[in-house]
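Below is one structure; the comments refer to it alone.
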Amino acid sequence: MPEHDEPFTLRVHLYAPAVGLAVPLTSGLLLDVNDAVVEDAAKYADRADTANVASVMDFMRRELFLEPRPGATTDARRMVVSAGPSGSFEAGFRVHGPGLMADVEKHHGGYRVVRLLSSIHDQRVDDQKALAVGAIDFRDMSARQRDRERIQQGLDLVASQNSYLAMWDRYQELEAHYIRGRIRGFGIIRYSDVKLESDGRCAFTVDLNRALPATRAALENTAAVERVEIEAAAEVPVSVTDTAMTDREWLVASRAQRVRAWVGEPLGYDSVTETLRLAGTLNDQQDPPPRGWLYLAHRGDQRRLDRREKAMQKLRTDGAHIPALPSLLEGKFWPQPAQRRITKLSPSAINCFAPHGPTPAQREAVLTALNTPDVAIIQGPPGTGKTQVIAALVNQLGDQAQGGDVAGSTLLTSFQHAAVDHLVSRGWVFGLPPLKVDSRGRGSKVALDTWRIEAARAADLRLRERPAGRHLAAGRAAAELAAMYRVAPVPPEFLPQFLDQVLSELGDVAEPALVGELRSHRDRAEAHRRRVAAIADAEVRADLLPYIRSLRCTATGFQDDGPRTARALLTRLELADSPLIDDVPYEGPLRAAVGATSPSPELLDSLGALRDALLDCLAARVRLPDVTVADPAVVDILDRMAAQLQEAVTRSPDAIAAALLDYRDDLRSDPEGVDDTLRAYTVSLASTCQQAVSKAMVEVGRQDGVFESVIVDEAARANPLDLLIPLSQARRRIVLVGDHAQLPHMLEPDVERELSSLGDDVRDRLQESLFQRLARQWEHGSRDGHSRFVRLDTQFRMHPVLGSFVSDNFYDRKLRNGRDAAEFVHGIDRYGEVPAVWLPVPLSTGGETRRGASRARHAEAVVIAAEISALIEQHPKMTFGVISFYAAQVTEVWKELKKAGLAEYTEAGGWRPVSRLCRDEDGTPLDRLRVGTVDAFQGMEFSVTYLSTVRSCAPSARTDAKRAYGHLTVTNRLCVAMSRQQRLLAVVGDDDMFGPDSPKAVEPLAAFLELCRKGGDGRVIQP
């Protein structure tokens, strides 16, 4: 002990126990810290203590907690507290530290810190203090932490064996299992040689005797089996031979495989030569190895499943960029804070609804998609303008992003290429089309090429409007043509064509004297070309030579048949009209000979001279130069034209015209450079759901694979596993556009059958699309107040009578009509001016026939072909569609249309209309006639639609509705089939099948028949 200790003061406080806390201290007390408290702490703490929520809580522990009593456990923290304003600890209390205080209040069973204060502001110094001792701590309840907890809850849901995504995970595994079964069922076939043929076809020498019986039968009769693809490789990959891999290991095995394979489709097998011919199905693939193995193609399936697996893995491991996504997919509530709403559409968005502007529902749909905190659902029944909504949305997103990194910020996607192409054609922003990304090049450059051509045409029109524009463009064209001809002169036989091009580009602008010179030179070049062509024409010489040699040039010969041979030669020379004899005056001597009875010596001499001259012409030969050289006269004229036009421009310079000319010429001459520039500026990229994560997408600049917005069209038709691929790429918003009242999503029949065996609940969840699942959740609002669902409610496609019919039968009468009946006049006298027609084809004319798994009815096909044959030429402005529920009936209709001269069978093995039905009156490409199944027609529309019902049987066979009516009982398919028309819907079928006693499953068809029988808006027309 030091001799002189420093004095100190010891203050002893006596505290009452903290009695009345709602949470017993023995079980632990957690004080929640939110974002507002973190902001408060910044007033009292150093920067290092406020770096994150954890450091703030450490600061508060130091400032507000006392050290544990000696000998106590470390978690027995102590704090000095005083009762809240009510005098009770239950509603709240204040924590007192040496320099800091914290006000705490109760909330649903716990306590949270509501604010921090400096101790110098303590106005309640006389209040009784209490000492709280126990397992006391702070708990992070900031927004970020709440999100983390909700994310973990979502991940726990995904991991649950009974979750929605777990069911689809099992579906994925089963699909891999069945694909592997098909590969094993096909087996492997060795080939000893391969010969390359034209058009990417190859002939493989194989011994099918060693193939599996089913495989041999299929390859020997390729027309009778479904389309398959076969791979040819030097080695058989492990994915074919390894049976020890689990199905999940197999579906990701493509990541490690490096075996190169050629892929083709079987065309047929020749048993005599033991040759199997395959047509290559991939662009730019290398030739198959000279010898190796054939097996069922499956790499595409593996890549498809692997992409799904990666998307699913993102959801399992918090890899999705929208944290709420896993929970929302599982149908759970994820509250989002209120945010500032966008309430107005931009001018460019409104222009997408020209000329009438958006309907209230369309406006609401765009705003809902813009304001959603995560996902928006837009249901678009037929003809309600969902494509316009998408176009307006991407335009407003582009407007909002101006000044930022707008390029490629939006992904437009769908499950089919046709739907993606439709999005590309309508989704232009800032006058630029979306870039379609596709590894096989299907339609990828169409939109870009269209934009480039149209932009060059527009620039050319503006250029011609400038005072000096025409002279400037013509001057540059003259200089380029002169330089091109000087460096690479065209051969003499093509010189007239080249000079025609010069005259067409410069003739209206250059000096008339120069134009006259060039035109004279062109005429001489054409005459020379014709003469050279005639000399080279052996048939002309062979035809004229006998007549020339038979000309009588002696008195004796002339007396025999001189006038007759002269007349024959004159006739042949006039008919030949050959440049060979342009310089020979033959008419005078020959006409004199025709009229002479006895020849004079002068006439005989002239006939002899004529014969010799004609023979010399026929014997003439033209020796073409080995190397084509430029004609100095042509070069001189072109140079003088260029100089004259340049002088005119120099006298009146025009910088704007010069810029327009440079722009136009760059568009025309550098398509690759233009494409690269567009890729750097286009707002939207477009692809199928699968291609959204392809190598091709990385190559256009989306290395991170993340988009601010992902917009999916036809979302109700996409398999949820495929849909997860683009959904997992969205950072800010997901917009699903579709209609679950139309065609459902695609399922593998074998997988669906096996999973459905687990119970009705599993079957129902499988058959419900993800789009429908989310629409059902949010149709009547969301608990957090955010609107996430909109149904478009006004149809503009079809006649109001047909629109009301579709609304009544498929949309609970919630669809309105946006156009008057006068806009849908069809003018077909045979039907009268009604929009609904039934063409009855009774059972007595022939019933349905089974064609494999499909069905057909010849009698209906005959009626349809006769109707279209009578109408399509009379109404050249209208389009005609024929829809059936059965592929076999589609083929039957095509056959009858071929008999009527309206269709043809292609070399590729498909059907198409004859060429005159593939364009409109002005020659613009237009498919005026299409025949297809319901599945192929969703999204299409026609002036007139014929619906072939096919099913026709006796009343005694109708007791089982599903067996008697088949696909006609599926409401979604009926909805699509009966909503493709604009002006007229004509149903062709056995009307007795749809009378008052028909089953409820075909009620829409029965209602349509009743509409036609009542008259007024419909008619029953006998074929």
Side-chain angles (χ1 to χ4, degrees), residues 1-2 4-107 110-142 145:
M1 292 283 294
H4 304 286
D5 290 337
E6 292 291 333
F8 63 91
T9 301
L10 176 64
R11 179 177 295 174
V12 178
H13 293 273
L14 298 176
Y15 296 108
V19 178
L21 287 171
V23 179
L25 290 176
T26 53
S27 61
L29 176 65
L30 293 176
L31 307 179
D32 295 340
V33 175
N34 59 23
D35 295 291
V37 174
V38 173
E39 291 181 11
D40 268 355
K43 304 174 186 176
Y44 308 107
D46 295 333
R47 179 175 297 180
D49 289 328
T50 58
N52 50 49
V53 180
S55 58
V56 168
M57 292 193 299
D58 284 340
F59 165 73
M60 292 171 65
R61 291 185 189 103
R62 294 195 304 270
E63 293 293 322
L64 297 173
F65 291 165
L66 302 177
E67 291 294 327
R69 180 172 54 82
T73 59
T74 56
D75 60 352
R77 291 196 175 101
R78 301 181 295 170
M79 62 181 181
V80 177
V81 297
S82 60
S86 64
S88 165
F89 284 103
E90 184 175 358
F93 53 86
R94 173 171 287 178
V95 182
H96 299 267
L100 191 69
M101 299 183 299
D103 283 344
V104 179
E105 66 179 24
K106 182 183 176 183
H107 74 104
Y111 288 97
R112 66 182 171 201
V113 179
V114 294
R115 62 174 176 168
L116 299 178
L117 309 101
S118 172
S119 294
I120 63 175
H121 298 303
D122 189 1
Q123 303 297 321
R124 297 185 292 171
V125 293
D126 296 330
D127 287 356
Q128 178 68 41
K129 304 292 192 300
L131 186 65
V133 182
I136 306 169
D137 204 354
F138 296 110
R139 178 170 62 182
D140 181 359
M141 288 303 290
S142 62
Q145 177 61 21

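Keep in mind the model is a prediction, meaning the values are calculated, not measured. Here, residue 1 is the first one in the sequence, and each next residue gets the next number.
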- [ ] State which residues pass side-chain contact (heavy atoms from CB on, under 4.5 Å) with A102; sequence neighbours excluded, sorted by chain then number.
- [x] L64, V95, V113, L116

Enter the distance from [X]:[atom1] to [Y]:[atom2] here, rounded to the nearest 0.5 Å.
X    : Y    : atom1 : atom2 : answer
D35  : M141 : CG    : CE    : 10.5 Å
I136 : R77  : CD1   : CZ    : 8.5 Å
L117 : K43  : CG    : NZ    : 8.5 Å
N34  : R112 : CG    : CZ    : 7.0 Å

Open item on the list: For the residue pair D58 / S55, report whether a side-chain donor-acceptor contact shorter than 3.5 Å exists.
Closed with: no

Open item on the list: Among V37, D137, V104, exactly one meets side-chain contact (heavy atoms from CB on, under 4.5 Å) together with L31. Which residue is that?
Closed with: V104

Open item on the list: Exactly one of L29, L30, D32 should register a side-chain contact (heavy atoms from CB on, under 4.5 Å) with Y111. Which one does?
Closed with: L29

Residue pair [X] / [Y], side-chain heavy-atom distance below 4.5 Å:
X    : Y    : answer
R94  : V81  : no
D140 : V33  : no
L66  : L131 : yes

Open item on the list: Please find the pair of heavy atoms, one from S119 and one from M101, that lie closest to each other, and give the distance.
Closed with: OG-CG, 3.7 Å

Task: Atom of E63, atom of G99 and distance for their closest heavy-atom approach - done: OE1-N, 4.4 Å

Open item on the list: For R78, give me all partners under salt bridge (charged side-chain N to carboxylate O under 4.0 Å, His left out), at least two apart in sequence or on another chain.
Closed with: none

Task: Donor-acceptor under 3.5 Å (N52 side chain, A54 main chain) - done: yes

TODO: State plainly whether the residues R115 and D40 are in salt-bridge range, i.e. N to O under 4.0 Å.
DONE: no

Open item on the list: Can you confirm whether or not the ring centre of Y44 sits under 6.0 Å from the ring centre of F59?
Closed with: no

